[in-house]
Amino acid sequence: MNLEELWQTTLGEMEVQLSRANFATWLKNSRLVDSKNGIFYVALPNNFAKEWVANKYQKNILGILRNMDSSAKKLEFTVEGKNPPSAAKLQTTTTPPLEEGFEVEFRVDPETNLNPRYLLSSFVVGSSNELAYAAATAIVESIGKKYNPFFVYGGVGLGKTHLVQAIGNEIKVKYQNKIKPRYVPSEKFVSDVVWGIKNKRMEDMKQKYRDVDVLIIDDIQFIGGKEKTEEEFFHTFNALYEANKQIIISSDRPPQSIPTLEERLRSRFEGGLIADIGYPDYETRVAILKSKLQEVQRNLSDDVIDLIAKKVKKNVRELEGVLKKILFFAEKKNLEVSVKLAAEIIEKSVQNSAKRVADTQILKSVAEFFNITLDDLISHNRRKEVVLPRQIAMYLLRDMLELSYPYIGEKMGRDHTTAIHSYEKINQEVNRNPGLNNKILLIREAIYKTN
Ligand code: ADP
Ligand code: MG
C-alpha cells in the first residue's frame, strides 16, 4: 500500500467511528504526507484541526495504521493549507483583526442575489441536518432531477438560509455560470408581484423568474395567504418545474402547517423531497464553534468551548453571537478567555432572557408540549406519559432558573431527592439522546416565545 491508499483506508475506518460532523470538520481534508522510521506524518489544514486531531484521535489513527503497517510507531502532525504557503510567508502571517472574520461584508452577487459567505464546505453536518445536507449535495450533482422541488424547513437560526444559498453558490462555481441560480427571499417575490401589478408590467416580472435554472425561495411561509402572489408563484413554479428546472424552498414549518397555503401548491411541495433541520445536539454545537473559530483564526480552550456548547442551545445564530461577543470582549480588553470570563459573558447574553421566565411558565409549556394538564404534571400519577414530562419540568426549573432542589421539590409536590434525581437523569440523557434533546429545545423555545 502506498501512503495515499494507507490514508484512505484509515479515513474510511475513522469515518465509521466518528459522527459525520466530526469527521467532516476534522479529518476530511487531511493527508498522509510521509513516513520515516516508523513515524507517520499527517498534514491537516490548520492549527485547529491539528490540535484537535492530535488530542482526540491520535490513538485511534495510530491503531488503525498499525494494523496495516506494523512498523508504525508514532504520528507527527503538521499543518498545510489548501495551497501550502512557503515557510517565509508563514512566518509573517499575523492573525487578522476580528472584524475580518465575522463582520466582513461579503458582496451579494447582483446576478444571482447570492451571498458568497454561505458555502456547503462551511456548513457543519450533524444528526440535526444530515438529510437536508445530503439532499443539498445531491441537488448540486443532478439539478432538477432527483429532488425537485426540495423543501427544507426548521426553526429560526438553524441554517436554512445558509444551506439553500450554499446550494446556489456551489452550482455557480461548479457549472461556471452556465446554470443560472437565483436566490429570492419570499418578501422580494411578493414585492415584485405587487410592482408588476401596479406598473402593469407583469410580463417583465414573469420573465425575470422564468429565466432562471435554479430558483431558490427563502421563507415561503410569507407567501402563504397572499392570493395574487400565490397564484403567480404557482404559475412560475409550474413553468419551471415542467422545464425540469430546480426549485428550492425554505420555510419555518412543514408545508402542511402553513395554513393559508393553497392546496395545489402544498401538494406540489409534497411531491418532492421534504427535509427538516432540527436543533443541533451538543456534539454538533462543539463542531460549529470549532469551525467558526477556525474561520476567524482564533483559539479557545476546550473547557470554554464545552461551556458555550452546554449553555447556548437556542440556535446556531445565538451560538455564533455569543462566540463573537466573547472573542470581541476578550480582545478589546486584552484578556485571556478563561472559563470564568466566558461564563460571565454567556450569563449576560443568554441567561438574562431565561431569568425573567416565571417557574409557572416552564410548567405550563412542558404540560402543553406533552399535551397533559398542569394537574397531571404535579400529580403522583406514575404513568409513563406523565413521568417523563415531570422529570423534564424539574430539569428545566433547575437548568433555566437555577432554583434550589427543595424549592423545586415543593413546587412539584415531591421531596428534594426526587428533584435531584430527575435533574441528573435528564441532564445525563440529554447529551446522549438527540430525540430528547430536540424535545427540550422545542420546549425552551416555547418558553422564550411566551416570555
Ligand atoms: P435560518 O435561515 O434557518 O434562520 P441561517 O441560515 O440564517 O438560519 O443561520 C444562522 C447563522 O448560523 C448563520 O450565520 C449561519 O451561517 C449559521 N449556521 C447555521 N447552521 C450552520 C451549520 N450547520 N454550520 C455552520 N454554520 C451554521
Ligand atoms: Mg433564513
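We number each residue from 1, following the sequence as shown. Not measured: the values here are computed from a predicted model. Read the numbers this way: they start at 1 and go in the same order the structure lists the ligands and their atoms.
Salt-bridge check for Asp399 with Arg444: passed, with a basic side-chain N closer than 4.0 Å to an acidic carboxylate O.
At least one N/O/S atom of Thr161, whether from backbone or side chain, sits less than 2.8 Å from the Mg ion (ligand 2).
Distance check, rounded to the nearest 0.5 Å: OG1 of Thr10 to CD of Glu5 gives 11.5 Å.
Listed as neighbours of ligand 1 are Arg117, Tyr118, Ser122, Phe123, Val124, Asn129, Gly155, Val156, Gly157, Leu158, Gly159, Lys160, Thr161, His162, Lys292, Val316, Arg317, Glu320, each bearing a heavy atom under 4.0 Å from the ligand.
By the side chain to side chain contact (heavy atoms under 4.5 Å, CB included) test, Val316 pairs with Pro280, Ile288, sequence neighbours left out.
A salt bridge (Lys or Arg N to Asp or Glu O under 4.0 Å) with Asp213 is found for exactly one of Lys178, Lys172, Lys180, Lys245, namely Lys245.
Arg264 has its side chain out of reach of Phe237: every pair of non-hydrogen atoms, C-beta onward, lies at least 4.5 Å apart.
Annotation for Lys364: atom NZ does not count as buried by contact number, only 12 or fewer foreign heavy atoms lying within 6.0 Å.
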